[in-house]
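Chain letters run A, B, ... following the sequence lines, proteins first, then strands; residues in each count from 1. Keep in mind it's a predicted model, so treat the numbers as computed, not measured.
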Amino acid sequence: MDYLKGLNEPQREAVLHTEGPLMIVAGAGSGKTKVLTTRIAHLMANGVDSFRILALTFTNKAAKEMKERIEHILGNSDARNLYIGTFHSVFARILRAEAHRLGYPNSFTIYDTDDAKSVVKTVINELNLDDKHYKPNTVYNRISAAKNALVGPVEYKNDYYIQQEDMRSNRPLIANIYDAYAKRCFKNGAMDFDDLLFLMYRLLKEFPEALIKYQSKFRYILIDEYQDTNPAQYEIIKLLAAQHENICVVGDDAQSIYSFRGATIQNILQFQKDYDDVSIIKLEQNYRSTQNILKVANDIIANNKGQIPKNLWTENATGEKIKLVRTMTDNDEGKFVADAIQEQKLRNHYNNKDFCVLYRTNAQSRAFEESLRRMGIPYIIYGGISFYQRKEIKDYIAYLRVIVNPKDEEALKRIINYPVRGIGKTTIDKAILYANENNITMWDVLERAKEFGYKAGTLEAIENFVLMIRSAQSMMVKHNAYEIAFHIGKQTNFVKELFNDKSTEGVARYENIQELLNSIKEWIETPLNEEDGEVGDKGLGAYLQQITLLTDADQKDPNADVVKLMTVHAAKGLEFQCVFVAGLEETLFPSGLSINSREELEEERRLFYVAITRAKNRLWLSYANARYRFGSLVQNEGSRFLEELPEEFLDRTFAGGGARNQGSSFNNTSAFDRMHGGFGAAAQAEKTYGPPPARKKETPSYLPPKPQAPKVVEHKPAADFVASDTSNLQAGQKVEHQKFGFGMVSKMEGSAHNPIATVQFELNGEKKIMLNYAKLRIVE
DNA sequence: AGCAAGCTCATTTTT
DNA sequence: TGAGCTTGCT
């Protein structure tokens, strides 16, 4: 019973309460994972067979961590056979075994978002609809939302309100697209991410034998991050738990941040009504953050209505005040963060991995990357395009997909003529047309190419291709995923082709393929779950299933000593010594798309709450006066959330042009800036903008008066306008700007990284031009 | 057929 | 800004 030591009272209670429905309301940093893992270990220590425990998480990372911690507690490897995983991966595994019931091959493909959107696009075009109006992205999101609400194509078409909505947006035919899309996926033997939930639900609902099988199998069910479950997940859980009712859900309504994906807090409230005697345990002691950080977080979230009442408290030290920093531009914000990290490393002996930079949108990462790179601080970005989304990797994998499931038209289209083998666009278009006309798959057409009147040369090319795929298919009986992958790379000249490309990108692509092959090999060598026979051992099918459900975060080493950059969403469940929350500006955080209703705004606020509560020791909040948004510099107001911060816990500073912000004896300038013109851009900027304003008490921040940009007299540059190298620009030179026209440089200032020219334009008067961004042509 | 240049358009967040 | 797509050229 050693594992019970080190738990506080409610934690212990949650672990020991094994029978019957239980809801754990776990505040940020209250030891939720510890409770979940100890609970599972406790069940196992008391003789529950690991096959009978189902634990569902939102990320593979969380699942993996839980498994490891359980193994650690138990001191053996019994945990290997637990059903721990994401909703998607666990359901994929079950669906693989039950696919036949739904009319799917058990070798079904899982389409990622890109594949799915591509099918949507294909279908839109085939229905002769305009893809400018029916944008694949929009339509896909609509379909996705429908599936997550368990609305199938038929219900979609028959639902009055949904139809009204589509009428209003002038897209009445989405129902038809949805229907065609679902049929096409089925024909391709493919499920998209949402299908893994939707079809799992249908499996349990429509096939009582399947329902009984899994209901009785899973005697104990645990759900992590319950506040982020959507209706599909909710219904599935309910069905699975109905027999034993040993269901434990863990969540925090204050951290619900996925409503855009259909998640609803209603599930938390509904849970209490679904079962007769639900026990509720609250974990309210925070072990993560300083008092100051927690105080700020609590104050922020108190602005939301209708929270489950909780009192999150901590015994930790008071800690430092929260630093609120304003900069001129997003690039300055980047520089400020890199500077501050450097300073903290020196002053407080932190490692790189103690720092995390959080932002609202992935696009914001650029400024931080640049400044960190310039300072030589190693970093890693979570959430960009993942390894498996790179073109060469997707192409390579497409071969494997076709071998496993030749009905997969998306994969087939990718590789049928790559590397080039004389099966061009015309041939492919024809094949798809024939397939649609005869209601067969594209692969069927290729196999029976003779019947469709292709020219001799084309026919030969097709037949060779079909033979090659078939021979690889026959390998599946005796060979594992690695052997087949290696074989196909050689056979198709895929690898050789990349090897011969000596351009920088070519070399990188070749290396990526090598890395892919290595990772397949590695996967082959890791031991199986005992019960995994049903998934198909180390075959290609099992491999493919596994990688499509892998997230970007799963591919990166969380222990590497590097600064981490990620969106707030991606940071859920993580913690860091030092956290920077950047881009706290209206229309960015909160997002401009979420300020029109209270619900959306409250979700943004929860997101901010999640961001703040990632920090253990030190927290910086930053925002920029102006930032580059789709190409041009846009002014922004500070976020309304900043006004909700309790003033007494804040330390306000201004860090204009990337200077150090506080305290050091050299005051506000970096050595570099001092060498290049006194106080540099920072001091200059401070004169212009002043320090960040303290909280305005009365003025509501809604609809802030927009500072009117001075009207520009448009200048049409010559067609051959070419920006000059302005690194040696001097006062007195004459220049041309694309928008402002001709002018004379009157003054040069700023640092060498960030030179600023003051120009007297003939038509537009005096402007300050940041040479790093603007394009100027030197006239003389 | 294949490639390069130019054009348009989008930006929330992710399994 | 930059990705993806169409157009036009070879």
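Counting to the nearest Å, the C1' atom of dT14(B) and the CD atom of Q227(A) are 15 Å from each other. dT14(B) atom P lies 16 Å from atom CD of Q255(A), rounded to whole Å. Taking atom NZ of K61(A) as the reference point, atom P of dT14(B) lies 11 Å away to the nearest angstrom. Rounded to whole angstrom, the span from the NZ atom of K64(A) across to the C1' atom of dT15(B) amounts to 17 Å. Straight-line distance from the CD1 atom of I236(A) to the C1' atom of dT15(B): 13 Å, rounded to whole Å. One atom, CG of N148(A), and another, P of dT14(B), lie 16 Å apart when rounded to the nearest Å. As rounded to whole Å, 16 Å separates atom P of dT14(B) from atom CG of L549(A). Separating the NZ atom of K572(A) from the C1' atom of dT15(B) is a distance of 11 Å, rounded to the nearest angstrom.
For the residue pair N304(A) / Y609(A), no side-chain donor-acceptor distance below 3.5 Å is found, with atom types taken as modelled. Using modelled atom types and a 3.5 Å distance limit, the side chains of Y140(A) and D192(A) yield no donor-acceptor pair.
For the OP1/OP2 pair of dT14(B) and a distance below 4.0 Å, the side-chain nitrogens and oxygens of T113(A) include no atom meeting the criterion.
Screening N362(A), L358(A), I380(A) for a side chain to side chain contact (heavy atoms under 4.5 Å, CB included) involving M566(A) leaves a single residue, L358(A).
Among the heavy atoms of the strands, none lies under 4.0 Å from V568(A). Nucleic acid contact for F58(A): sugar-phosphate only, since backbone atoms but no base atoms lie under 4.0 Å from a heavy atom of the residue.
Rounded to the nearest Å, the gap between the C1' atom of dG4(C) and that of dT13(B) is 22 Å.
Aromatic ring orientation, F58(A) versus Y258(A): parallel (interplanar angle below 30°, classes split at 30° and 60°).
Formation of a donor-acceptor pair under 3.5 Å by the S622(A) side chain with backbone atoms of E333(A) is not found in this model. Of the possible donor and acceptor atoms, none in the side chain of E235(A) sits under 3.5 Å from a partner among the backbone N and O of Y201(A).
For Y418(A) and F494(A), the ring centers are positioned less than 6.0 Å apart.
Comparing N417(A) and H88(A), the nucleotide of DNA chain B nearest to each residue sits closer to the 5' end for N417(A).
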Nucleic acid footprint by protein, nucleotides 3-13 of chain B - heavy-atom cut-off 4.0 Å, B for base, S for sugar-phosphate alone: -------BBBB

